Number of protein chains: 2
Amino acid sequence: MATIRDIAKASGYSIATVSRAINHSGYVSAKAQQAIERVVAELDYAPNAIAQDLSAGVTHTIGVVLPHSNHPYFTQLLNGIMDAAFDSGYKITILPSGWQRSLELEYLEQLRRKAFDAMIFTSHGIPLKELAAYQRYGRIVICEDPKDTDLPAAYSDREVAYRAAFRWLQQKQVTHIGFLLSRAQEHISATSYATLRAFRAIYGRTPGKDWIISGINTYEDGYHTAEKFHQHQIEPEYIFSNGDDVAVGVRQYYIQQHLPIPGLVGQENQLTSKLLNIPTIDHHFVQIGAAAFELATHPEATPDREKFQSEFILRGI
Amino acid sequence: MATIRDIAKASGYSIATVSRAINHSGYVSAKAQQAIERVVAELDYAPNAIAQDLSAGVTHTIGVVLPHSNHPYFTQLLNGIMDAAFDSGYKITILPSGWQRSLELEYLEQLRRKAFDAMIFTSHGIPLKELAAYQRYGRIVICEDPKDTDLPAAYSDREVAYRAAFRWLQQKQVTHIGFLLSRAQEHISATSYATLRAFRAIYGRTPGKDWIISGINTYEDGYHTAEKFHQHQIEPEYIFSNGDDVAVGVRQYYIQQHLPIPGLVGQENQLTSKLLNIPTIDHHFVQIGAAAFELATHPEATPDREKFQSEFILRGI
DNA sequence: CTAGAATGTGGAACGGGTTTCATAGCAAAT
DNA sequence: ATTTGCTATGAAACCCGTTCCACATTCTAG
């Protein structure tokens with residue numbers, strides 16, 4: 001591979017002039033420009049991107065931490081991020097984490113080592129406080145309520161739609177609701193917390209322990225939880241699911257067992273809920289992803305928080 | 001940010017010794033090691049990743065060209081790639097292309113400029129021949145039959161399942177089949193070609209022009225094509241779709257119009273086809289993605305082509 | 001006791017760019 | 001005739017690491 005020094009030598013001009021000619025920066029005579037361009041073409045030269053990055057001190061790369069990829073929450077966020085990145089001059093690097101603390105720390109370390117200009121955490125295993133501490137090494141954007149940290153964030157106000165959903169259920173005089181929520185943690189996850197809080201706000205009580213199942217994410221999870229409910233003679237009138245696919249998995253179990261299907265509420269507004277006419281919640285994650293990208297690439301952005309209103313999509317009945 | 005020279009100065013050792021101490025390479029006395037480690041901790045030093053990349057001449061990054069992201073073909077491939085990349089020390093950079101020639105060339109240019117160690121094209125707008133020419137700048141892996149080029153490839157032998165599907169249809173004495181195929185191009189796309197070829201092999205004839213619709217990728221596309229069929233009084237017994245979502249869109253139209261639903265064959269083996277009990281085809285794209293990643297990161301791999309058998313998944317009736 | 005091996009260290013080159021700054025030619029303005 | 005200002009160019013510093021190689025010790029085997 002030819003380097004800029006080769007071009008300088010072959011053209012008879014200095015490295016500095018060659019650089020100027022190539023980048024069209026500063027003064028270069030027409031004669032020099034032509035001569036250099038000819039040599040560049042001859043030697044099939046193209047400037048080395050890594051060297052440029054080193055010199056400029058930037059990478060034009062945003063690292064996106066994804067716990068896993070086969071979940072609509074992440075797919076939608078990623079789509080939004082990619083759409084925004086398209087033609088922005090930034091590259092998106094995917095950092096699969098599986099919520100593993102060690103991996104997340106490794107990626108943060110890479111930020112510290114200037115491998116990325118900024119990072120977006122679509123979710124995180126390590127506490128927000130700890131994340132926030134890494135901000136001194138580079139910009140870090142999260143996709144949830146930043147709470148008492150000063151992390152820039154683009155996120156959904158989940159409770160808006162949750163409350164709408166529970167109000168609707170209350171009007172229908174539904175009292176027995178099963179909750180299939182996302183991953184269980186030492187500290188209950190933000191989503192699950194918001195769900196239960198909205199329920200409490202509307203219904204004025206807390207659901208029974210047996211009616212809340214955590215760590216539910218997939219179609220299969222939904223199916224098996226329905227099975228468990230059935231075995232334990234828990235018979236919800238409605239099942240509030242963490243995702244359309246989950247709801248559909250639940251439905252599938254009852255259908256296969258020839259049992260009456262309880263009412264369902266999904267999330268993510270996927271094709272599946274549309275097809276089966278199941279009410280769902282749209283958190284507008286595509287927009288949130290795009291907003292997160294903008295926040296990541298515009299450190300001077302203000303305000304550095306964007307809260308999107310979630311939406312309850314009423315269907316069926 | 002502290003640099004290695006700062007560490008050298010502060011510790012009283014040379015740059016070379018500091019480098020050796022940090023990388024645990026070569027000889028370093030216990031005394032020097034300790035002294036250097038103390039200073040590293042004090043100054044909160046971490047080696048600059050870009051500088052290391054420049055020095056090493058590699059980026060540990062694989063560029064993955066994706067036309068768009070909201071299609072199972074690409075999602076599945078990407079999942080496979082990511083799974084394989086996980087813990088491999090490689091980063092995956094997403095390069096959205098929209099099949100635009102200009103963008104694809106830009107990304108190839110980046111390969112030439114050493115921004116990536118290798119590239120994976122999940123699909124491509126520019127001809128294979130042209131792609132192959134860029135191999136001199138870096139390894140390029142594709143996810144389809146490389147034809148008469150020497151590009152390394154991981155891909156599905158689509159015709160296996162296609163033939164199985166058509167054999168099944170023939171046995172059922174189905175004669176009127178509508179084809180909803182992928183994007184139209186100057187030269188018909190590889191997938192569409194394989195479909196029609198398999199049909200011809202089994203049925204011994206070519207479908208009528210009116211029965212083949214190209215450029216169909218989504219639920220909406222399926223819906224509108226069904227509408228078009230209906231308006232033109234084209235009444236297929238079976239509709240062979242480019243994707244489960246497409247098939248489901250078709251189905252939706254007939255349901256809404258209270259028309260009899262034709263038989264359906266989907267592709268991608270998605271949740272939707274499972275739910276609605278629609279036969280489908282699994283091309284094992286997750287595995288193909290993983291294989292593509294291995295090919296990308298192991299230039300010495302031989303053979304440098306991996307063909308996966310597609311699978312017809314019979315459901316319903 | 002000594003040659004050769006093993007250990008420890010640092011200067012300097014290298015990877016491949018960008019940018020600052022000094023120098024110089026030349027034309028317009030004073 | 002002198003000053004000012006613009007164009008043009010290149011040497012050298014800079015970005016921040018890794019590594020080659022030469023040199024100096026110290027150890028070990030013969």
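What you see is a predicted model, and the numbers here were worked out from it, not measured in a lab.
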> Would you call B:Asp44 and A:Arg136 a salt bridge, taking side-chain N to carboxylate O under 4.0 Å as the test?
Replying inline: yes
> Are side-chain heavy atoms of B:Thr191 and B:Arg158 found at a separation under 4.5 Å?
Replying inline: yes
Each nucleotide N or O in nucleotides 15-17 of chain C that has a protein N or O under 3.5 Å away: list the pair and distance.
unit_1	atom_1	unit_2	atom_2	d
C:dG16	N7	A:Arg5	NH2	3.1
C:dG17	OP1	A:Tyr45	OH	3.2
C:dG17	OP1	A:Asn48	N	3.1
C:dG17	OP2	A:Ile4	N	2.7
C:dG17	OP2	A:Tyr45	OH	3.4
C:dG17	O5'	A:Tyr45	OH	2.9
C:dG17	O5'	A:Asn48	N	3.3
C:dG17	N7	A:Arg5	NH2	2.5
C:dG17	O6	A:Arg5	NH2	3.2
C:dG17	N2	A:Ser55	OG	3.4

>> We want to know whether A:Glu37 and A:Gln33 form a side-chain donor-acceptor pair, criterion being a heavy-atom distance below 3.5 angstrom.
In response: yes
> Atom NE2 of B:His24 and atom P of C:dG8: how far apart are they, to the nearest Å?
Replying inline: 15 Å
> Roughly how many Å is it from NZ in B:Lys9 to C1' in C:dG11, rounded to a whole number?
Replying inline: 15 Å
> How long is the line joining CZ of A:Arg113 and C1' of D:dT18, in whole Å?
Replying inline: 13 Å
> Is the closest side-chain donor-acceptor distance between B:Thr93 and B:Thr61 under 3.5 Å?
Replying inline: no
>> Tell me if the centroids of the rings in B:Tyr155 and B:Phe308 come within less than 6.0 Å of each other.
In response: no
> Hey, is the side chain of A:Tyr27 poking within less than 4.0 Å of OP1 or OP2 on D:dA8, counting only N and O atoms?
Replying inline: no
> Between B:Ile22 (CD1) and D:dC16 (P), how many Å, whole number?
Replying inline: 14 Å
> Quick one: do A:Arg101 and A:Glu104 make a salt bridge, cutoff under 4.0 Å?
Replying inline: no
> Considering only side-chain heavy atoms of A:Arg20, which listed nucleotide, C:dT19, C:dA12, D:dT9, is closest?
Replying inline: D:dT9
>> Between A:Thr17 and D:dT9, is there a contact of a side-chain N or O with OP1 or OP2 at under 4.0 Å?
In response: no
>> Testing the basics here: between A:Asn48 and A:Ala51, what is the closest heavy-atom pair and its distance to 0.1 Å?
In response: OD1-N, 3.0 Å
>> Pair B:Asp304, B:Arg139 - check salt bridge (Lys or Arg N to Asp or Glu O under 4.0 Å), show working.
In response: CA-CA 11 Å; B:Asp304 60 358; B:Arg139 192 161 171 87; 5.0 Å; no
> Can any side-chain N or O of B:Ser97 pair as donor or acceptor with the backbone N or O of B:Gln100 at less than 3.5 Å?
Replying inline: no
>> Does D:dG10 have OP1 or OP2 under 4.0 Å away from a side-chain N or O of A:Ser14?
In response: yes
> Along nucleotides 23-28 of chain D, 5' to 3', which nucleotides get a B, which get an S, and which get a -, given that the test is a protein heavy-atom distance under 4.0 Å?
Replying inline: ------
>> Need to verify one output field. Residue with the more 5' nearest nucleotide on DNA chain D, A:Tyr13 or B:Ala56?
In response: A:Tyr13
> When you check the gap from the basic side-chain N to the acidic O, do A:Lys307 and A:Asp145 get nearer than 4.0 Å?
Replying inline: no
>> If we ignore hydrogens and angles and just use 3.5 Å, is the side chain of A:Gln76 paired with the main-chain N or O of A:Glu268 as donor and acceptor?
In response: yes
>> Can you list, in residue-number order, the parts of residues 28-35 of chain B that come under 4.0 Å of DNA chain C, counting heavy atoms only?
In response: B:Val28, B:Ser29, B:Ala32
